[in-house]
Asker: 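Pasting a structure here, questions to come.
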Amino acid sequence: MFVHLCQVCNKPPIAQHDGPPLMGYGEAGRTTTWHIDDPVHDERAIHIPESIEPGNYALIVGVYDPDGVRVPITKSKNGGVIGADRLIVATIRIIR
C-alpha cells in the first residue's frame with residue numbers, strides 16, 4: 001500500500017509512506033482475506049518536509065498487487081481517482 005502527498009500528482013510525491021497492508025500483520029495483512037464492505041483499519045504516517053512550499057496538496061492512497069503493479073480502482077464513492085490506480089482521500093492546505 002502507499003500513501004503519497006503531492007501537489008502535482010504526475011510528478012514524484014513530496015512525502016510518502018509505502019509498506020504492506022497492516023504492516024504485514026499475519027492473515028489480516030493479506031488483501032486476499034479482505035471482504036467487500038468490511039472495513040480494515042490501517043494507520044499510516046508521513047513526514048512532511050520542513051522545506052514544503054505553502055499551497056494545496058492531495059493525499060492519495062493506492063494498493064500494489066504481489067508483483068508490484070498498482071491495483072486499478074474500479075469504483076469510488078467519495079474520492080477522486082487519478083490515473084485509474086490512485087484515490088484522493090483528502091486535500092490539505094499548507095500555510096506558513
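Computed from a predicted model, the values in this text were never measured in an experiment. Below, each value reflects all heavy atoms present in this structure, side chains not excepted, and no hydrogens, waters or symmetry copies.
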Asker: With a cut-off of 3.5 Å and sequence neighbours excluded, list every side-chain donor-acceptor pair involving residues 3-15.
Answerer:
{"from": "His4", "atom 1": "NE2", "to": "Asp18", "atom 2": "OD1", "distance (Å)": "3.4"}
{"from": "Gln7", "atom 1": "NE2", "to": "Asn56", "atom 2": "O", "distance (Å)": "3.4"}

Asker: Do Asp65 side-chain atoms and Asp67 backbone N/O form a donor-acceptor pair below 3.5 Å?
Answerer: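 Checked: pair present.
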Asker: Does Arg86 qualify as a cation-pi partner of Phe2, given the criterion of NZ or CZ under 6.0 Å from the six-membered ring centre and within 45 degrees of its axis?
Answerer: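 The answer is no; the distance or angle limit is not met.
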Asker: So, using side-chain hydrogen bond (donor to acceptor under 3.5 Å, both in side chains) as the criterion, who are the partners of His35 when residues are at least two apart?
Answerer: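 Partners of His35 under the side-chain hydrogen bond (donor to acceptor under 3.5 Å, both in side chains) test: none.
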Asker: If you round to the nearest 0.5 Å, how far is CE of Met1 from NE2 of His17?
Answerer: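 Nearest 0.5 Å value for the NE2-CE distance: 11.0 Å.
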Asker: Under the criterion side chain to side chain contact (heavy atoms under 4.5 Å, CB included), I'd like the reasoning laid out for Ile48 against Tyr57: C-alpha separation, chi angles, the key distance, then a yes or no.
Answerer: CA-CA 11 Å; Ile48 298 175; Tyr57 293 82; over 6 Å; no
Asker: Atom OG1 in Thr74, atom CG in Asp85: separation rounded to 0.5 Å?
Answerer: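 Thr74 atom OG1 to Asp85 atom CG measures 12.5 Å (nearest 0.5 Å).
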Asker: Do Tyr64 and Val61 sit in one hydrophobic cluster, given that two such residues count as connected whenever their side-chain heavy atoms are within less than 4.5 Å of each other, even indirectly?
Answerer: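 As far as the 4.5 Å side-chain criterion goes, Val61 and Tyr64 are not connected within one cluster.
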